[in-house]
Amino acid sequence: MVRIKHRYLLLDILYPDPTTWPRKPVSGSSSSSTPQLQIHAPTSDALTPSLLAKLVREQVAELFGDWGVGRLGGAGAGGVSVKYLSPATSTAIIRCPRASFRLVWMALTCLEAVPDMNGAGRNAVLTRRCVVRVVRVSGTMRKAEEEAIRRARREILKVRGGVDDAGVLEGLVGGFAEGVSGGNDDGLDVDVMDEDLSDDGL
């Protein structure tokens, strides 16, 4: 029996506002937690798992055409599914075929907006500018979940002021550098990446 292999992409949806950066802290709050809360703002309930999967498939089709849709599993594209979506933490885990996880990663990187509520009702949807950052690629759902929990705990400590960090955007560069130089606890799953380089031929 053939086992179909998948990859799980853990991602963060960030909401930076370049027009107001850097924003002055609100009185009564710490200077480091205010920008942290602005970038890691909650996502609207208008973004559902099925809608996020649809956005990814549409972005793959826009970037790579019929070839990309075929790599995902065809027009039905059952190969891409959202296994976990937390609007409160703006975190999601997406499952995709192992052979095409780079296409999904590229589509997520190029995704510029997610739905947002207008306040007039569930059907009133606007777009909210965002940046999607893939923080881990894993071969199992369990490892992606463990990383999501670890990152959520670290963000809570940052907001409470219990952790001194180099800045709000420290995770963009600092985590990857630590993952390459030392253990694999804070960066990409390098073993998965190295294994896939020989499989795809891309």
Side-chain angles (χ1 to χ4, degrees), residues 1-16 39 43-44 46-87 89-116 125 127-148 151 169 171-173 175-177 179-180 184 186-202:
M1 188 164 145
V2 178
R3 181 175 155 233
I4 300 172
K5 296 184 178 179
H6 294 97
R7 287 293 174 254
Y8 296 88
L9 281 69
L10 174 65
L11 58 100
D12 284 339
I13 303 172
L14 307 175
Y15 300 102
I39 289 176
T43 303
S44 171
L47 183 66
T48 61
S50 60
L51 182 58
L52 180 58
K54 180 183 173 192
L55 289 172
V56 170
R57 288 191 294 267
E58 289 174 353
Q59 193 68 30
V60 167
E62 182 179 331
L63 292 171
F64 302 104
D66 292 339
W67 178 82
V69 173
R71 292 278 294 191
L72 292 182
V80 175
S81 62
V82 178
K83 292 299 184 182
Y84 172 76
L85 176 64
S86 172
T89 60
S90 297
T91 305
I93 298 175
I94 294 181
R95 185 184 78 173
C96 62
R98 181 178 73 168
S100 59
F101 81 91
R102 287 182 183 89
L103 301 180
V104 175
W105 192 339
M106 176 62 79
L108 288 167
T109 303
C110 293
L111 195 64
E112 295 179 345
V114 293
D116 196 10
V125 178
T127 55
R128 182 176 181 188
R129 305 279 297 169
C130 71
V131 173
V132 178
R133 178 177 61 164
V134 175
V135 294
R136 185 169 183 118
V137 177
S138 179
T140 62
M141 179 78 173
R142 183 175 66 93
K143 288 291 185 183
E145 288 173 342
E146 288 173 359
E147 179 70 12
R151 294 182 70 84
L169 302 177
L172 290 174
V173 181
F176 182 70
V180 171
N184 246 357
D186 204 23
L188 295 173
D189 196 351
V190 178
D191 295 334
V192 171
M193 300 297 290
D194 292 341
E195 172 191 339
D196 288 332
L197 289 175
S198 62
D199 289 344
D200 291 343
L202 290 176

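Just the heavy atoms: all of them, side chains too, but no hydrogens, waters or symmetry mates, feed the values below.
- Rounded to the nearest 0.5 Å, atoms NZ (Lys5) and CZ (Phe101) are 13.5 Å apart.
- Nearest heavy-atom pair, Val137 versus Trp105, reported as atom, atom and distance to 0.1 Å: CG2-CZ3, 3.5 Å.
- For the residue pair Pro16 and Ile39, the shortest heavy atom distance occurs at CA-CG1, 4.4 Å.
- A search for salt bridge (charged side-chain N to carboxylate O under 4.0 Å, His left out) contacts involving Glu58 returns Lys54, not counting sequence neighbours.
- Closest non-hydrogen pair, Lys143 versus Arg136, comes out as O-NE, 4.3 Å.
- Under a 3.5 Å cut-off, the side chain of Thr127 and the backbone N or O of Ala113 do not form any donor-acceptor pair.
- Side chains of Arg128 and Tyr15 form a contact here, defined as non-hydrogen atoms less than 4.5 Å apart.
- Looking at Val132 and Thr109, their side chains never come closer than 4.5 Å, going by heavy atoms from C-beta outward.
- Among the candidates Leu72, Val82, Ile94, the single residue satisfying the side chain to side chain contact (heavy atoms under 4.5 Å, CB included) test with Val56 is Ile94.
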Cys96 and Leu9: side-chain contact (heavy atoms from CB on, under 4.5 Å), yes or no, with the steps? CA-CA 8 Å; Cys96 62; Leu9 281 69; 3.7 Å; yes
Quick one: do Glu145 and Tyr8 satisfy side-chain contact (heavy atoms from CB on, under 4.5 Å)? Show the steps, please. CA-CA 10 Å; Glu145 288 173 342; Tyr8 296 88; over 6 Å; no
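- The line from CZ of Arg57 to OG of Ser81 is 9.0 Å long, rounded to the nearest 0.5 Å.
- With contacts defined as side-chain heavy-atom distances shorter than 4.5 Å, the pair Val80/Ser100 does not qualify.
- A distance of 10.0 Å separates OG in Ser86 from CD1 in Ile93, rounded to the nearest 0.5 Å.
- Taking 4.0 Å as the cut-off between side-chain N and carboxylate O, Arg142 and Glu146 count as a salt-bridged pair.
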Assess whether side-chain contact (heavy atoms from CB on, under 4.5 Å) is satisfied between Val134 and Leu10, documenting all intermediate values. CA-CA 6 Å; Val134 175; Leu10 174 65; over 6 Å; no
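- Ala46 and Leu51 get closest at one heavy-atom pair: O-CD2, 3.5 Å.
- Annotation for Leu52 and Leu85: closest pair CD2-CD1, 4.3 Å, computed over non-hydrogen atoms.
- For Glu112, the salt bridge (charged side-chain N to carboxylate O under 4.0 Å, His left out) partners two or more places apart in sequence, or in a different chain, are Arg129.
- Separation of atoms CG (Leu108) and CG (Leu11) is listed at 5.5 Å; rounding is to 0.5 Å.
- Residues Val135 and Thr91 are not in side-chain contact: their nearest non-hydrogen atoms beyond the backbone lie 4.5 Å or more apart.
- The line from CD of Glu62 to SG of Cys110 is 8.5 Å long, rounded to the nearest 0.5 Å.
- To the nearest 0.5 Å, atoms CZ (Arg95) and NZ (Lys83) are separated by 4.0 Å.
- Side-chain atoms of Ser50 never come within 3.5 Å of backbone atoms of Thr48 as a donor-acceptor pair (strictly under, hydrogens ignored).
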Derivation and outcome, side-chain contact (heavy atoms from CB on, under 4.5 Å), residues Asp12 and Arg151: CA-CA 10 Å; Asp12 284 339; Arg151 294 182 70 84; 3.8 Å; yes
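- Shown here for Leu63 and Ala107, the closest heavy-atom pair between the two residues is CD1-CA, 3.9 Å.
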